[in-house]
S.K.: 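Below is the structure I would like to discuss, written out as structure tokens.
Nothing here was measured: the structure is a model prediction, and the numbers come from that model. Scope of the values below: all heavy atoms of this structure, side chains included, with no hydrogens, waters or symmetry mates.
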Amino acid sequence: MEIRDFGKKYSDYVIAMRRQFHAMPELSLQEYKTCAKIIEELGKIGITGEVIADTGVIAAIKGGKPGKRVALRADIDALGVTEQTGAEYASRHPGVMHACGHDAHIAMLLGAARILYDIKDELAGEVRLMFEPAEEIAKGAKKMIAAGAMDGVDSVFGMHVWSDIPAGKISVDEGSRMASADFFTIEIEGKSCHGSKPNQGVDAIVAGAALVTNLQTIVSREINPLEPAVISIGEFKAGEQSNVIAGHAHLSGTTRAFTNELRDALPEMMERVIHFTGEVYRAKMTLNYDMGSSPVINDALGASVAKQAVIDAVGEDALYHYEKTPAGENFSEYLRMAPGCFAFVGVRNEACNAIYPQHSCYYTMDETALIGGSMVAAQYAKNFLSMSN
């Protein structure tokens with residue numbers, strides 16, 4: 001039986017799973033019920049799940065013949081968003097919502113698990129299933145890796161439902177797909193004084209305002225204009241009263257890059273600009289930089305296997321070219337451990353009001369597209385194992 005033939009068999013199951021997980025969202029590192037439900041569903045299939053990384057799950061499907069190991073991954077955490085969709089299966093947890101599609105990722109991987117378990121005797125090797133917690137705070141992948149999730153893995157495949165891509169289309173392009181997502185804070189120490197005599201103090205607001213402008217020149221004047229990059233200040237807090245010169249300011253923001261080389265260079269560039277801006281304005285400026293997620297870069301082999309998987313499982317017409325996005329995804333950490341591919345699964349459909357972007361309180365999707373993700377993931381595993389033996 002070909003994987004493409006499993007669509008009708010498991011489509012309703014995948015949709016039902018997505019709705020169940022959608023109704024029970026849990027924040028990063030708090031996915032205890034989600035974790036238990038995943039293990040329960042794996043058990044119904046005949047697969048033994050194991051809790052790792054506190055709230056993650058790992059499981060294996062062993063093929064009928066020896067061979068290599070391929071990993072399939074889904075993330076499982078939700079966001080601190082109050083749902084406004086009005087769906088009958090809407091979040092039962094106030095202020096928490098699967099607004100990024102991780103409920104669909106769980107469902108698609110469970111669907112792939114069912115397909116692969118049905119054909120396990122045909123597989124030459126092992127399929128590892130990874131359900132990752134805490135992706136939204138860029139901690140889950142590193143926790144899973146530290147717990148051994150990637151040990152012995154020869155290739156890794158992951159998926160993200162995407163609201164910018166029409167339902168039924170899937171993008172598996174080679175190269176940079178998503179940007180690094182790193183975060184920083186900057187503390188500015190000046191000297192407060194009376195607002196009528198600013199010369200007696202060091203104005204942290206003026207220094208901070210200059211710094212916000214100066215940091216933007218890194219992108220516009222130091223980085224090759226053909227190489228995208230972002231330095232964004234999202235938070236600027238300073239001052240307590242209108243007639244007092246602020247003695248302290250707090251800034252925070254994020255950086256994005258599509259290569260590891262530029263990502264690694266950005267903190268040093270920022271440190272230099274921060275230091276000399278502080279010198280000019282007589283303020284002490286301190287940068288705290290938190291390396292979050294690396295850029296997601298699909299290697300040539302992984303993209304090739306994924307492309308063929310799309311053709312085999314859902315047809316060549318489903319292939320879709322999607323330009324890279326500056327959003328971040330810590331699937332990148334797995335790609336630093338083994339080659340592979342990250343796919344975008346289209347779920348946009350105006351006919352069912354699936355028009356809102358990820359993280360929106362109105363976010364929804366065309367659920368009929370999810371079984372396609374399940375089939376492509378299963379096909380990727382089968383094709384990779386067949387090719388490598």
S.K.: Do any N or O atoms from the side chain of T277 and from the backbone of I274 form a donor-acceptor pair under 3.5 angstrom?
M.R.: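 No, the answer is negative, given that no donor and acceptor are paired below the 3.5 Å cut-off.
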S.K.: Testing R69, K68, K120 one by one against E126 for a salt bridge (charged side-chain N to carboxylate O under 4.0 Å, His left out), which residue passes?
M.R.: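 Exactly one candidate clears the test, R69.
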S.K.: Rounded to the nearest 0.5 Å, how far apart are CD1 of I188 and CD1 of I205?
M.R.: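 That separation rounds to 10.0 Å.
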S.K.: Determine, using ring centers only, whether Y363 and Y356 are less than 6.0 Å apart.
M.R.: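 No, ring centres 6.0 Å or more apart.
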S.K.: Taking E329 for its side chain and F331 for its backbone only, find out whether a donor-acceptor pair lies under 3.5 Å.
M.R.: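 Judged by distance alone, yes, a pair lies under 3.5 Å.
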S.K.: Between K191 and E189, is there a side-chain N and carboxylate O pair less than 4.0 Å apart?
M.R.: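 Looking at E189 together with K191, the answer is no, because their closest N to O distance does not fall below 4.0 Å.
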S.K.: For Y89, which residues count as a ring pair (Phe, Tyr, Trp, His ring centres under 6.0 Å) partner, sequence neighbours excluded?
M.R.: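 Applying ring pair (Phe, Tyr, Trp, His ring centres under 6.0 Å) to Y89 gives H22.
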S.K.: Check whether any side-chain heavy atom of L129 lies under 4.5 Å from a side-chain heavy atom of I58, and answer yes or no.
M.R.: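 L129 vs I58: side chains apart.
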S.K.: Do you know which two heavy atoms are closest between P228 and K324, and how far apart they sit?
M.R.: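 So the minimum-distance heavy-atom pair works out to CG-CE, 4.2 Å.
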S.K.: Roughly how far, to the nearest 0.5 Å, is CD of Q30 from CG of D77?
M.R.: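 One finds 10.5 Å between CG of D77 and CD of Q30.
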S.K.: If you compare all heavy atoms of E174 against all heavy atoms of A300, which two are closest, and at what distance to 0.1 Å?
M.R.: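 Residues E174 and A300, closest heavy atoms: OE2-CB, 3.4 Å.
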S.K.: Can you find a heavy atom in the side chain of M337 that is under 4.5 Å from one in the side chain of V156?
M.R.: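 A side-chain contact is absent here, since even the closest heavy-atom pair is not under 4.5 Å.
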S.K.: Do H194 and Q200 have side-chain atoms, one donor and one acceptor, less than 3.5 Å apart?
M.R.: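 Their side chains do not contain a donor-acceptor pair, so the 3.5 Å distance test is not met.
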S.K.: How close do A78 and V96 get, counting heavy atoms only, and between which atoms?
M.R.: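 Minimum heavy-atom separation between A78 and V96: CB-CG1, 3.9 Å.
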S.K.: Could you tell me which non-hydrogen atom of A104 sits nearest to which non-hydrogen atom of M365, and how far apart they are?
M.R.: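 For A104 versus M365, the nearest heavy atoms are CB-SD, 3.6 Å.
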S.K.: Only pairs at least two apart or in different chains count here, so list each salt bridge (charged side-chain N to carboxylate O under 4.0 Å, His left out) that has a residue in residues 361-371.
M.R.: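 Non-adjacent pairs meeting salt bridge (charged side-chain N to carboxylate O under 4.0 Å, His left out): R18-E367, R19-E367.
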S.K.: Kindly determine whether E271 and L266 satisfy side chain to side chain contact (heavy atoms under 4.5 Å, CB included), including the steps that lead there.
M.R.: CA-CA 9 Å; E271 189 70 70; L266 280 171; over 6 Å; no
S.K.: Charged N to carboxylate O below 4.0 Å: is that the case for K37 and E41?
M.R.: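 Salt bridge present between K37 and E41.
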S.K.: Could you tell me whether K197 atom NZ has more than 12 heavy atoms of other residues or ligands within 6.0 Å of it?
M.R.: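 At most 12 heavy atoms, drawn from other residues, nucleotides or ligands, come within 6.0 Å of this atom.
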S.K.: Within the side chain of S180, is there an N or O that forms a donor-acceptor pair under 3.5 Å with the backbone of P295?
M.R.: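 Here the side-chain-to-backbone pair does not exist.
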S.K.: Short question: side chain of T254, backbone of D182 - any donor-acceptor pair under 3.5 Å?
M.R.: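 Judged by distance alone, yes, a pair lies under 3.5 Å.
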S.K.: Please find the pair of heavy atoms, one from V14 and one from A107, that lie closest to each other, and give the distance.
M.R.: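 Scanning both residues, the minimum pair turns out to be O-CB, 3.3 Å.
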S.K.: Enter the distance from I61:CD1 to D118:CG here, rounded to the nearest 0.5 Å.
M.R.: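 Rounded to the nearest 0.5 Å, the CD1-CG separation comes out at 9.5 Å.
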S.K.: So, using ring pair (Phe, Tyr, Trp, His ring centres under 6.0 Å) as the criterion, who are the partners of F184 when residues are at least two apart?
M.R.: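 F184 satisfies ring pair (Phe, Tyr, Trp, His ring centres under 6.0 Å) with no residue once adjacent residues are dropped.
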S.K.: Roughly how far, to the nearest 0.5 Å, is the OG atom of S171 from the CD1 atom of I165?
M.R.: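 Answer rounded to 0.5 Å: 5.0 Å.
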S.K.: With rounding to the nearest 0.5 angstrom, report the OG1 to CG distance, T34 to D103.
M.R.: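 T34 atom OG1 to D103 atom CG measures 10.0 Å (nearest 0.5 Å).
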S.K.: Might you confirm whether atom CD of E350 has over 12 heavy atoms from other residues, nucleotides or ligands at distances under 6.0 Å?
M.R.: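 Counting other residues, nucleotides and ligands, CD of E350 exceeds 12 neighbours.
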S.K.: Ring-plane angle category for H102 and H98, please: parallel below 30°, perpendicular beyond 60°, tilted otherwise.
M.R.: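 Tilted, since the angle between the ring planes falls between 30° and 60°.
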S.K.: Between E235 and K237, is there a side-chain N and carboxylate O pair less than 4.0 Å apart?
M.R.: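 Looking at E235 and K237, the cut-off is met.
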S.K.: Check whether any side-chain heavy atom of L110 lies under 4.5 Å from a side-chain heavy atom of L42, and answer yes or no.
M.R.: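 When only atoms from C-beta onward are counted, L42 and L110 do touch, with a gap below 4.5 Å.
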S.K.: Quick one: which residue pairs count as a ring-ring contact (aromatic ring centres under 6.0 Å, His included) with a foot in residues 255-298, not counting sequence neighbours?
M.R.: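 For residues 255-298, and leaving out neighbouring residues, there are no ring-ring contact (aromatic ring centres under 6.0 Å, His included) pairs at all.
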S.K.: Side chain to side chain contact (heavy atoms under 4.5 Å, CB included) for V202 and I245? Distances and angles first, verdict last.
M.R.: CA-CA 8 Å; V202 176; I245 296 297; over 6 Å; no
S.K.: Is a donor from one side chain sitting under 3.5 angstrom from an acceptor on the other, for Y380 and Q308?
M.R.: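 Note: Y380 and Q308 side chains miss the donor-acceptor criterion.
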S.K.: Show your working on side chain to side chain donor-acceptor pair (under 3.5 Å) between E83 and Y362 and close with a plain yes or no.
M.R.: CA-CA 7 Å; E83 183 163 356; Y362 300 106; over 6 Å; no
S.K.: Check residues 45-55 and write down every donor-acceptor pair under 3.5 Å in which the side-chain atom is one partner and the other belongs to a residue at least two apart or another chain.
M.R.:
{"residue": "D54", "atom": "OD2", "partner": "K143", "partner atom": "NZ", "Å": "2.9"}
{"residue": "T55", "atom": "OG1", "partner": "E31", "partner atom": "OE1", "Å": "2.7"}

S.K.: I'd like to know whether D154 forms a side chain to side chain contact (heavy atoms under 4.5 Å, CB included) with F384, so could you lay out the CA-CA distance, the side-chain angles of the two residues, the decisive distance to 0.1 Å, and finally the verdict.
M.R.: CA-CA 9 Å; D154 300 293; F384 177 80; 3.9 Å; yes
S.K.: Is there a donor-acceptor pair under 3.5 Å between the side chain of S91 and the backbone N or O of H93?
M.R.: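 Checking the backbone N and O of H93 against the side chain of S91, a donor-acceptor pair under 3.5 Å is found.
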S.K.: What I want to find out is whether D173 reaches K307 closely enough, with some N-O distance under 4.0 Å, to be called a salt bridge.
M.R.: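 Judged by the 4.0 Å cut-off on N to carboxylate O distance, D173 and K307 do not form a salt bridge.
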S.K.: Just to verify, which of V305, V127, N298, V376 counts as forming a side chain to side chain contact (heavy atoms under 4.5 Å, CB included) with F157?
M.R.: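 Passing option: V376.
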S.K.: Please check if the side chain of N330 supplies one atom and the backbone of E333 the other of a donor-acceptor pair under 3.5 Å.
M.R.: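 Side chain of N330 to backbone of E333: no pair is present.
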S.K.: Using distance alone, with no hydrogens and no angle criterion, decide if T325 and R177 have a side-chain donor and acceptor under 3.5 Å apart.
M.R.: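 No.
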S.K.: Between the main-chain N or O of L262 and the side-chain N or O of T259, is there a donor-acceptor pair closer than 3.5 Å?
M.R.: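 Confirmed, T259 side chain pairs with L262 backbone.
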S.K.: If you take all heavy atoms of S374 and A112, which pair is closest and at what distance?
M.R.: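 Scanning both residues completely, I find the closest heavy atoms to be O-CB, 3.5 Å.
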S.K.: For D164, is there any backbone N or O sitting under 3.5 Å from a side-chain donor or acceptor partner on R348?
M.R.: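 Not at all, since once roles are kept as given, no pair shorter than 3.5 Å links the two residues.
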S.K.: Any chance you could measure I76, atom CD1, to C35, atom SG, to the nearest 0.5 Å?
M.R.: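 The distance works out to 6.0 Å.
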S.K.: Checking S386 side chain against K382 main chain: does a donor-acceptor pair fall under 3.5 Å?
M.R.: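 Between the backbone of K382 and the side chain of S386 there is a qualifying donor-acceptor contact (under 3.5 Å).
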S.K.: Is there a donor in the side chain of E187 and an acceptor in the side chain of T286, or the other way round, less than 3.5 Å apart?
M.R.: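 Per modelled atom types, E187 and T286 side chains form no pair under 3.5 Å.
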S.K.: When you check the gap from the basic side-chain N to the acidic O, do K33 and E26 get nearer than 4.0 Å?
M.R.: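 No salt bridge links K33 with E26.
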S.K.: So which pairs with a foot in residues 281-296 pass salt bridge (charged side-chain N to carboxylate O under 4.0 Å, His left out), sequence neighbours left out?
M.R.: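 Listed by first then second residue: nothing to list.
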S.K.: Tell me, do Y10 and I115 make a side-chain contact under 4.5 Å, heavy atoms counted?
M.R.: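 Counting from C-beta outward, Y10 and I115 do come under 4.5 Å.
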S.K.: Looking at C100, is its backbone amide N or carbonyl O close enough to the side chain of H359 to form a donor-acceptor pair, meaning the two atoms are under 3.5 Å apart?
M.R.: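 The answer is no, because no donor-acceptor pair under 3.5 Å joins these two groups.
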S.K.: Is it the case that R114 places NZ or CZ above or below the six-membered ring of Y13, under 6.0 angstrom from the centre and within 45 degrees of the axis?
M.R.: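 Here R114 passes the 6.0 Å and 45° test against Y13.
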S.K.: Counting C-beta onward and ignoring hydrogens, is there a side-chain heavy-atom pair between L301 and M387 closer than 4.5 Å?
M.R.: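 Touching, per the 4.5 Å side-chain cut-off.
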S.K.: One pair to check against side chain to side chain donor-acceptor pair (under 3.5 Å): Q358 and S163. What are the steps and the verdict?
M.R.: CA-CA 7 Å; Q358 263 82 10; S163 59; 3.1 Å; yes
S.K.: Any chance the side chains of N243 and Q241 put a donor and an acceptor closer than 3.5 Å?
M.R.: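 On atom types as modelled, these side chains qualify, holding a pair under 3.5 Å.
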